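Notes follow the structure.
Throughout, a chain's letter reflects where its sequence line sits, starting with A, and its residues are numbered from 1. Quantities reported herein were computed from a predicted structural model and do not represent experimental measurements. Every heavy atom of this structure was used, including side-chain atoms; hydrogens, water molecules and symmetry mates were not.
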Amino acid sequence: MMVAVSIGAVTIPLGEVWGIVLHHVTGTGTPGDLALDQIVWNFRTPRVVLAALVGAGLAVSGAVLQTVVSNPLADPTVLGFSYGASLGAVLIITLGGGAVLSGVGVSAAAFLGAVAAGALVFALGQRRGRMAPTRLILAGVAVGYVFLSATSFVQLQATPTELRTVMFWMLGSVAGAQWNQLPTVAVVVIAGTALLTLFGRRLNVLLAGDESATALGVDVNRLRAVLLILSALLTGTVIAVAGGIGFVGLMIPHLVRLTIGADHRRLLPLTALLGAVYLVLVDLLSRTLDRPNELPLGILTALLGAPFFLWLLRRNKGLDYA
Amino acid sequence: MKLTVDQLHITLDHRPILRDVSLEARKGDIVGLVGPNGSGKSTLLRAVYRSLRPAEGVVRVGDDDVWALPARTAARRTAAVLQDTTGNTTGLSVTEIVALGRTPHHGLLGRDGAEDHQAVHDAIDRCGVRPLADRDYTSLSGGERQRVLLARALAQSPQLLVLDELTNHLDIRARFELLDLIRSTGITTLAVLHDLDLAARLCDYLVVLHEGAVVAAGPVLEVLTPQVLSDVFGVRADTDRHADGVVRITYAAQPLALDVAAADAVTTAETVDR
């Protein structure tokens with residue numbers, strides 16, 4: 001993370017970075033060059049911290065959703081959460097009250113959109129109180145398409161300037177990170193991951209199948225409902241501040257599973273860690289590959305991750321039996 | 001612990017599946033549930049392991065109505081090994097699968113303690129899957145998987161075992177070994193078995209279900225009469241007890257004339273449909 005803070009449009013020596021961060025965190029040492037201080041403390045540090053939180057949040061959501069709907073393809077995008085957030089964001093960007101609303105408004109709308117999508121999947125995915133995994137994921141896909149259509153329709157009405165903003169938002173970025181938004185995101189991601197890890201044993205039981213889980217004393221429908229709500233809140237929070245970053249939620253959980261196995265009590269914390277590291281890395285590349293321009297994160301997450309993921313898939317013999 | 005099923009009625013999608021079913025297994029009994037496909041065997045098990053609430057009637061494990069107990073409490077008494085294909089256990093080791101059996105012994109904050117490790121350890125040894133302990137469950141053969149699932153059930157420390165077609169798809173030796181294993185636990189067992197020979201070999205008592213109702217119940221030889229075998233299963237057969245104590249069923253070369261006619265009728269109907 002220190003390295004990620006030091007590299008960017010302007011490269012700042014690690015020692016300098018350390019000095020500045022230490023100064024702010026502990027109040028000791030001397031404040032360095034004011035411009036550097038500004039870059040390190042007000043721009044890059046919050047950005048790196050946000051990237052880590054967003055990566056962790058998306059990856060943990062993905063891991064939980066894959067188990068909840070019993071499908072390895074599941075992630076916040078497939079279940080419609082990301083598209084719900086997109087619609088919310090796009091609506092505010094194109095119709096919203098301009099500068100006043102654009103900052104907080106887009107985040108709030110994206111969060112509401114994601115949670116609305118989660119609620120819809122939750123409502124439509126059940127029949128007589130039973131939430132069958134296949135019905136859930138198909139409901140998620142359908143809800144996602146509806147939101148995507150609505151988003152596309154709204155985009156057609158947008159001006160070119162708005163479109164650029166929309167595009168950038170949908171591909172995701174942590175460039176706008178500010179200290180004041182971090183506490184909320186940090187609390188949600190850390191508490192969310194901790195809480196979901198507490199559900200680890202029950203998540204493991206879901207892997208055994210619904211009837212077996214029921215026989216083990218787990219109320220599978222209630223468990224699914226709780227997990228779906230928690231992951232929608234978690235996803236909504238991180239998408240709201242960083243936009244629709246794909247692939248992290250799909251790939252990172254599988255990477256960790258292939259490496260250390262599927263026990264959620266280990267899987268979720270490590271997924272959070274790897275998701276955090278991965279997105280910090282991707283963000284670092286997004287602002288260095290094409291200096292001084294920045295690439296949206298969504299472009300790089302898959303471009304960088306997919307080849308490695310495919311290599312791991314080919315190497316792992318355990319998948320042959322499944 | 002004893003199991004009592006009393007006047008059970010179950011309806012699924014407005015279709016009656018079980019009608020006035022009663023049965024009893026005393027402590028330590030192995031009761032086999034037999035009957036043709038669709039006779040309601042698995043549905044009855046679901047009511048016992050608390051997955052499908054009966055419309056009427058009571059299931060008691062020990063002295064308590066399982067549907068009046070909290071799910072976790074009921075699951076500490078009753079363990080089930082089912083034909084459950086909805087899961088996806090890729091990435092779980094054999095030990096981790098067996099450890100799932102400890103779930104009903106913990107709340108959300110529960111951590112595995114010495115008792116849990118001991119129960120898992122014992123179950124693994126008991127079912128002879130120690131050499132497989134670190135293997136990925138999905139890499140196992142059918143017979144190995146069933147042993148692991150039985151180990152998971154035993155790790156639950158149950159007082160009633162519910163088994164649905166435990167020996168399906170297994171070779172004959174694996175079947176016998178698994179049955180002996182169940183016998184050796186001494187736990188009260190309710191087992192659905194398709195194979196009547198195996199049912200006769202394993203069980204103290206049999207209950208025959210036909211179209212959702214109990215048509216015969218009692219000791220194996222009294223239940224598997226030529227009459228029941230022909231009325232319920234549509235086969236001509238005799239049963240007797242051999243010198244070694246095992247009940248054997250001898251099937252006649254020809255199925256029932258009635259059934260041949262019925263099968264012909266079905267074939268004809270299908271032809272007409274096309």
Side-chain angles (χ1 to χ4, degrees), chain A residues 63 66-74 127-130 132-134 194-223 226 253-267 316-322, chain B residues 13 42 45-46 48-52 69-93 95-97 99-112 116 134-141 145 149 152-153 155-156 158 161-162 164:
Chain A
Q66 282 159 13
T67 300
V68 167
V69 300
S70 188
N71 192 312
L73 287 176
R127 182 171 165 269
R128 295 185 197 165
R130 226 179 81 73
T134 311
L195 193 58
L196 288 166
T197 305
L198 280 183
F199 278 98
R201 191 195 296 271
R202 279 136 209 253
L203 278 158
N204 290 348
V205 174
L206 275 186
L207 296 177
D210 282 14
E211 281 297 301
S212 300
T214 306
L216 284 162
V218 171
D219 183 339
V220 288
N221 295 313
R222 203 176 59 190
L223 179 62
V226 170
H254 285 302
L255 269 178
V256 179
R257 239 182 242 118
L258 289 171
T259 320
I260 60 132
D263 184 342
H264 289 81
R265 288 171 288 184
R266 270 177 289 140
L267 175 67
N316 190 285
K317 65 179 184 342
L319 289 171
D320 292 338
Y321 307 108
Chain B
D13 287 330
S42 297
L45 293 193
R46 289 186 68 192
V48 174
Y49 64 74
R50 215 180 171 287
S51 163
L52 187 62
L69 290 175
R72 256 177 58 207
T73 313
R76 283 199 290 265
R77 296 186 186 178
T78 306
V81 180
L82 309 168
Q83 299 286 315
D84 195 343
T85 51
T86 59
N88 175 12
T89 48
T90 315
L92 286 185
S93 73
T95 306
E96 283 160 351
I97 293 277
L100 294 181
R102 299 307 295 168
T103 309
H105 296 269
H106 292 284
L108 206 53
L109 296 170
R111 291 268 152 269
D112 284 332
D116 300 297
D134 295 325
R135 289 265 298 276
D136 192 304
Y137 173 76
T138 44
S139 75
L140 304 182
S141 73
R145 287 183 188 208
L149 292 186
R152 183 188 77 196
Q156 224 168 317
L161 268 179
V162 171
D164 195 358

Check whether any side-chain heavy atom of [X] sits under 4.5 Å from a side-chain heavy atom of [Y], and report yes or no.
| X | Y | result |
| --- | --- | --- |
| Ser212(A) | Leu100(B) | no |
| Tyr137(B) | Thr90(B) | no |
| Ser42(B) | Asp164(B) | yes |
| Leu216(A) | Arg72(B) | no |
| Gln66(A) | Arg257(A) | yes |
| Leu207(A) | Thr67(A) | yes |

- [ ] Look at Arg102(B), Gln156(B), Arg152(B), His106(B) and state which one has the largest set of heavy-atom pairs under 4.5 Å with chain A.
- [x] His106(B)
TODO: Report the option among Thr89(B), Leu149(B), Leu82(B), Asp112(B) that has the most heavy-atom pairs separated by less than 4.5 Å from atoms of chain A.
DONE: Asp112(B)
[X] versus chain A, the contacting section by heavy-atom distance below 4.5 Å:
| X | result |
| --- | --- |
| Arg111(B) | both |
| Thr103(B) | both |
| Arg50(B) | backbone |
| Arg76(B) | neither |

Task: Per-residue contact mode, Asp219(A) against chain B (heavy atom under 4.5 angstrom) - done: neither
Open item on the list: Heavy-atom cut-off 4.5 Å, strictly under: side chain, backbone, both or neither for Arg130(A) against chain B?
Closed with: neither
TODO: Just give me the residue among Arg202(A), Arg265(A), Arg201(A) that pairs up with chain B most often, heavy atom to heavy atom, under 4.5 Å.
DONE: Arg201(A)
Task: Between OG1 on residue Thr138(B) and CG on residue Asn88(B), distance to nearest 0.5 Å - done: 8.0 Å
